[in-house]
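Remember, it's 1-based here, ligands and their atoms both numbered in the order they're listed. All residue numbers refer to positions in the sequence shown, counting from 1.
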Amino acid sequence: MDSGWLVLLSVAFGLVVGGGFMALFHVAERRGNSAVDVVNPAVPDGVGQVIDALESAGVVLDPSNNVVKASPGALATGLVSQQVLVHSELIELVNRVRSTGEPVVQPVQLARGPFGDASMHFLVRVARLGSRYILLLAEDHSETFRLDEVRRDFIANISHELKTPIGAIALLSEALDPAADDPEQVRRFAKRLHTEAARLTRITQEIIELSRLQAADSLRSAELLDVDHLIAAAMDQNHVQAELRGTTLVKGGAKHVQVFGDESLLIMALHNLVGNAIQYSLDNSRVGIGVRVEDGVVEIAVTDQGLGIASEDLDRVFERFFRVDQARSRNTGGTGLGLSIVKHVVENHGGDVRVWSQLGRGSTFTIRLPEASTVAIAPQGDSR
Ligand code: ADP
């Protein structure tokens with residue numbers, strides 16, 4: 001064989017061997033998704049398998065703090081990257097255990113990523129593993145922590161909301177006694193007492209409704225409902241308020257549309273939207289309630305030409321107790337619970353609620369619900 005052929009043969013051989021290694025490398029890299037493997041293979045027997053089987057984060061570190069083994073959970077939560085621990089808080093714990101020899105169990109709050117304020121909450125255990133290694137186990141408690149925070153916030157908010165009218169009632173009732181000889185004063189205090197008591201009743205009712213909604217599956221009592229009827233009832237319930245403010249309520253759009261659901265809950269949701277539209281508009285304004293059906297989705301839009309909501313507040317209006325203008329809304333008797341009730345009601349019905357709004361131009365709140373299946377349910381010759 002001449003030397004030209006020899007060169008070609010060697011190149012081909014080199015390519016085959018190189019390709020094979022590349023393929024092996026690729027497969028090994030893909031496997032690496034399930035666990036970061038050993039830099040130093042001398043991890044004590046069985047520890048590797050245990051770490052592989054862990055759902056939570058488990059990491060073994062060598063004397064230079066290199067990660068020699070990490071569970072998939074440690075990678076997924078971002079505790080380990082490039083075979084080192086990412087968070088200095090964890091490195092400190094590891095160093096402490098290495099120097100004292102004493103195991104540590106400690107709750108630790110860690111940054112979720114390189115940017116932003118979001119954090120994760122772990123219960124971390126660190127202990128020596130043989131004479132060379134350190135074992136770190138971290139259980140992710142972030143979800144439990146978040147739920148606790150929501151509950152704490154809710155309780156703090158409720159207490160605050162209840163304290164205001166209760167305090168006012170206490171003061172007014174005290175003031176009544178010395179004013180007994182002044183009928184004018186008595187009448188004034190009695191009127192304010194009535195307002196505060198009504199406010200207390202409203203908050204209590206809304207809190208009860210909200211907890212009922214959060215606990216219950218409303219569709220257990222679902223019946224076939226006529227959307228026209230739901231809107232008429234909601235408009236009727238806001239009739240007095242609309243008249244007082246000189247607001248014209250106008251209904252338009254598709255007719256004879258049907259949805260499945262709980263009648264009183266859906267009326268309450270629409271009532272809250274129409275009530276807000278009147279409340280947050282100037283006197284003698286116009287509020288429209290329109291119905292549309294598209295691809296099996298019923299859209300009920302409540303539109304006003306009122307104050308509107310600033311874009312930075314739009315995402316928050318469905319939160320419990322959120323009010324754009326705390327002071328003004330408190331004066332108008334708002335509890336900040338109305339829209340979170342709407343959100344829960346429609347979500348329990350398999351729908352959602354969206355808002356469009358611009359300051360000074362007005363708002364449109366749109367409830368979307370699945371249309372009741374007309375094939376199975378509606379009378380023959382649906383008249384829509
Ligand atoms: P509230 O009992 O205070 O009305 P909601 O949960 O119903 O509570 O509404 C939350 C806040 O969203 C209100 O305080 C108000 O600032 C704002 N908001 C709701 N609906 C409208 C609307 N149609 N136009 C302008 N602002 C609104």
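- For ligand 1, the polar-atom distance check against Gly308 finds no nitrogen or oxygen pair separated by under 3.5 Å.
- One finds the CG atom of Leu265 at 7.5 Å from the CG atom of Asn348 (value rounded to the nearest 0.5 Å).
- Under the 3.5 Å distance criterion, the side-chain polar atoms of Arg292 are left unmatched by any main-chain donor or acceptor of Ala254.
- A distance-only check finds no donor-acceptor pair linking the side chain of Asp177 to the backbone of Ser173 [under 3.5 Å].
- Residue Val317 approaches ligand 1 through these ligand atoms, each under 4.0 Å from one of its heavy atoms: 10 (C), 12 (O).
- Of all atoms in ligand 1, listed by their number and element, those nearer than 4.0 Å to a heavy atom of Val324 are 14 (O), 16 (O), 17 (C).
- Looking at Arg245, its side chain does come within 3.5 Å of a backbone N or O of Ser281 through a donor-acceptor pair.
- Ranked by closest heavy atom to atom 26 (N) of ligand 1, the top entry among Leu273, Ile278, Val274, Ile309 is Ile309.
- Under the 4.0 angstrom criterion for non-hydrogen atoms, Asp304 is in contact with ligand 1.
- Ligand 1 has at least one atom lying under 4.0 Å from a heavy atom of Gly336.
- Using modelled atom types and a 3.5 Å distance limit, the side chains of Asn65 and Asn95 yield a donor-acceptor pair.
- Ranked by closest heavy atom to atom 4 (O) of ligand 1, the top entry among Phe365, Tyr280, Phe322 is Tyr280.
- At least one N/O-N/O distance between Asn276 and ligand 1 falls below 3.5 Å.
- Within the model, atoms CZ of Phe321 and CG of Leu210 stand 8.0 Å from one another, a figure rounded to the nearest 0.5 Å.
- Between Phe145 and His121, the ring planes lie parallel to each other; the angle is under 30°, not in the 30° to 60° tilted range.
- Within ligand 1, counting atoms from 1 as listed, the ones closer than 4.0 Å to a heavy atom of Leu337 are 6 (O), 8 (O).
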